[in-house]
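Down below is the structure, laid out as structure tokens.
Since the structure is predicted, the reported quantities are computational estimates derived from the model, not experimental observations. By convention in this document, chain letters (A, B, ...) are assigned in the order of the sequence lines, proteins followed by strands, and residues within each chain are numbered from 1.
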Protein chains: 2
Amino acid sequence: MSEYRKTSLAPMLSVRHGKQALEFYKEALAAQVLECLESNDSVVARLSIQGAEFWIADESPDHKNFSPETLGGATTRLVLTVSDPDAFFDRAIAAGAKPVEPVQDQNYGWRLGRVMDPYGHHWEIGRPLR
Amino acid sequence: MSEYRKTSLAPMLSVRHGKQALEFYKEALAAQVLECLESNDSVVARLSIQGAEFWIADESPDHKNFSPETLGGATTRLVLTVSDPDAFFDRAIAAGAKPVEPVQDQNYGWRLGRVMDPYGHHWEIGRPLR
């Protein structure tokens, strides 16, 4: 397979209450909405955190798209690398995320903390230490 | 918060049998291993598909990291954008992934298919149509 300059990988988070979740991620993670498809009571949206993209979509168990609330946990963590993890962590908590691990220097060479958002997704917010 | 040129978001997939999973992703998605930390029977690895990065790690329910096998489904889809989704799809199936949706032109302007890998994670493999 030949190289493709636009190869990319973006997680799509299944959530309950997608429209509320969209507002949460805008507030908690300073996410910008790049695309938003609304239909009836559901939403599919593509968001960007300073150029780092992800999607959210209302869950649809019939299509094997399960929210963490439905399954009782999350199967993927979101590793968000930013210049100031402390500020991002505090912003997420202020918006309603719950701390799982405080931001601290880790023995594997990162400064990193972890939160669970109100929709059950887990974010590891950090940066490599100098 | 000021802009940071290295802001990035990479999913970390919780799996059972991480060492086997690592071999699978190398084969199925032509992933290169950028980092690999092994300890006892578990592994944490950072991989790249033509520059698009993700992590895999053995599950640890005590730390709220659940595999799809444990929860009976996945809470995040991985949207992989590549030049030739048909070839990537076929390669993933040949390596042991199961088709969920065949690759086809979608009415939302993408050519896209979906597979479930042997560890329960779901990949949407596609590209925007011209």
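- Residue B/V33 is grouped with residue B/Y25 when hydrophobic side chains (ILVMFWY) are merged at heavy-atom distances under 4.5 angstrom, including chains of intermediate members.
- The shortest non-hydrogen separation linking B/A74 to A/L71 is N-CD1, 4.0 Å.
- By the 6.0 Å contact criterion, NZ on A/K64 is open, its count of non-hydrogen atoms from other residues, nucleotides or ligands being 12 or less.
- The distance from the OG1 atom of A/T75 to the OH atom of B/Y119 is 15.5 Å, given to the nearest 0.5 Å.
- Residue contact with chain A, scored on non-hydrogen atoms closer than 4.5 Å, involves the backbone and the side chain of B/S8 alike.
- The OG1 atom of B/T76 sits 12.0 Å away from atom CD1 of A/I56, with the distance rounded to the nearest 0.5 Å.
- Looking at B/E53, only its backbone comes within 4.5 Å of chain A, counting heavy atoms on both sides.
- Interface summary for chain B: among A/H122, A/R114, A/H63, the most heavy-atom pairs under 4.5 angstrom belong to A/R114.
- Residues B/M12 and B/L47 do not share a hydrophobic cluster, clusters being chains of Ile/Leu/Val/Met/Phe/Trp/Tyr side chains in contact below 4.5 Å.
- Taking B/V15, B/N65, B/L13 one by one and counting their heavy-atom pairs under 4.5 Å with chain A, the maximum is reached by B/N65.
- Follow the hydrophobic side-chain contacts under 4.5 Å out from B/V82 and you never reach B/V79; the two are in separate clusters.
- The local environment of CD in A/Q104 is crowded, with over 12 non-hydrogen atoms from other residues, nucleotides or ligands closer than 6.0 Å.
- Within 6.0 Å of CD in B/Q106 there are more than 12 heavy atoms belonging to other residues, nucleotides or ligands.
- Residue with the most contacts toward chain B among A/M116, A/E101, A/H121: A/H121 (heavy-atom pairs, distance under 4.5 Å).
- Residues B/I125 and B/F24 share a hydrophobic cluster, clusters being chains of Ile/Leu/Val/Met/Phe/Trp/Tyr side chains in contact below 4.5 Å.
- Within the model, atoms CH2 of A/W55 and CD of B/E124 stand 9.0 Å from one another, a figure rounded to the nearest 0.5 Å.
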